[in-house]
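The next block holds one structure in the form of structure tokens; read it before the comments.
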Amino acid sequence: MTTATHDAPVDVSIDEPRARFRDLVSAEWIKLWSLRSTGWAFAATALAIILFNVNAAYADYSNWPNYDAATRAGFIPSWALRDAFTNFAGNGVILAISAIGALTVTSEYSTGMIRTTFAAVPVRRSVMAAKVVVVTVVTTGFGVLSAGASFFLTQAVLSGRHTGMSITDPGAVRAMAGAALLAPVSALVGMGLGAIIRHSATTIVTSVALLLMLPISLSGDHYWTAVIGHAMPHYARTHLMEGDDVPWAHYAFPTTVAGAWHVYAAWSLIAILLVLAVPSRRDV
């Protein structure tokens, strides 16, 4: 006679600890720097920005003997700060850094790696928040270094004509901060658009059109186009450089320095909300 025995099922599952946020940040840091092209892209962009600005300062240094008395009298701070943070440099930041920000999101969708990431960490908002932290820290550091180098090198050139500024001069810190923070703002906007569009080329083109092409196509002679222009980071940066005391030549309807800071903050906040919310509500 045989007796059938039925063993009770054994639970062999192991409760894995949830990923800590600092681990997610470390993972996103590794992803960002895993390609050599990332470092080269930041280095090339910084070099281009600095060269644009130093070239502008050298042009004023060379042409100084030909300037009239009125131009010389108003050179500081207006022209000195424009040399330190030229429009060409600002446009370069928008073009390059918004693209880098977009690629931090869209590259994972294009390769399918995003599925692996979300399978490993189902809490999608935590993953995207880690991306936001890493991109914000890196691009802010990039902005501070490139803006700081631009300011000190251009003022060193202009000091040869006794027209260089010190960092303690009125408006210098504000202008430098405006130039530096354009980088994280542009990167976050690129990330926000990337979370919506998910296609690298389309996202980059859209970010350039929104952040650069639209503002420069607006006329300041009409109220609503001026309002739209003031709401764009491109012109917020310019106003932070010029301040409230400098005649606002771009628009017949002026804005304020406080308004420019609010523009930076609003664009960054909206972009962060998009990065956190959109991937959590859509299939990958």
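Note that the numbering runs from 1 along the sequence shown for the chain.
- Connectivity analysis of hydrophobic side chains (ILVMFWY, heavy atoms under 4.5 Å, direct or indirect) links L273 to L269.
- With hydrogens and angles disregarded, no donor-acceptor distance shorter than 3.5 Å links the side chain of T38 to the backbone of S34.
- Of the possible polar contacts, none joining the N91 side chain to the F88 backbone as a donor-acceptor pair under 3.5 Å is found.
- Residues V205 and L212 do not share a hydrophobic cluster, clusters being chains of Ile/Leu/Val/Met/Phe/Trp/Tyr side chains in contact below 4.5 Å.
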Taking only distance into account, with no hydrogens and no angle test, what donor-acceptor pairs under 3.5 Å do side-chain atoms of residues 146-156 form with protein atoms, sequence neighbours excluded?
from: S146; atom 1: OG; to: F142; atom 2: O; distance (Å): 2.9
from: S146; atom 1: OG; to: G143; atom 2: O; distance (Å): 3.2
from: S150; atom 1: OG; to: N53; atom 2: ND2; distance (Å): 2.9
from: S150; atom 1: OG; to: S146; atom 2: O; distance (Å): 2.8
from: T154; atom 1: OG1; to: S150; atom 2: O; distance (Å): 2.6
from: T154; atom 1: OG1; to: F151; atom 2: O; distance (Å): 3.0
from: Q155; atom 1: OE1; to: M165; atom 2: N; distance (Å): 2.8
from: Q155; atom 1: NE2; to: A80; atom 2: O; distance (Å): 3.2

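- Within the 4.5 Å cutoff, the side chain of F75 has heavy atoms near those of the D60 side chain.
- Considering only heavy atoms from C-beta on, W64 stays 4.5 Å or farther from L158 through its side chain.
- A donor-acceptor pair under 3.5 Å is formed between the side chain of S110 and the backbone N or O of S107.
- In terms of modelled atom types and a separation under 3.5 Å, the side chain of S217 and the main chain of L214 share a donor-acceptor contact.
- Both M232 and V208 sit in one connected hydrophobic cluster of ILVMFWY residues. Membership requires side-chain heavy atoms under 4.5 Å apart, directly or through other members.
- Screening R124, E28, K31, K131 for a side chain to side chain donor-acceptor pair (under 3.5 Å) with T117, the sole residue that qualifies is K31.
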Let me have the donor-acceptor pairs involving side chains of residues 177-196, under 3.5 Å, with sequence neighbours excluded, atom names and distances please.
from: S186; atom 1: OG; to: L182; atom 2: O; distance (Å): 2.8

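- Between N87 and R237 there is a side-chain heavy-atom pair separated by less than 4.5 Å.
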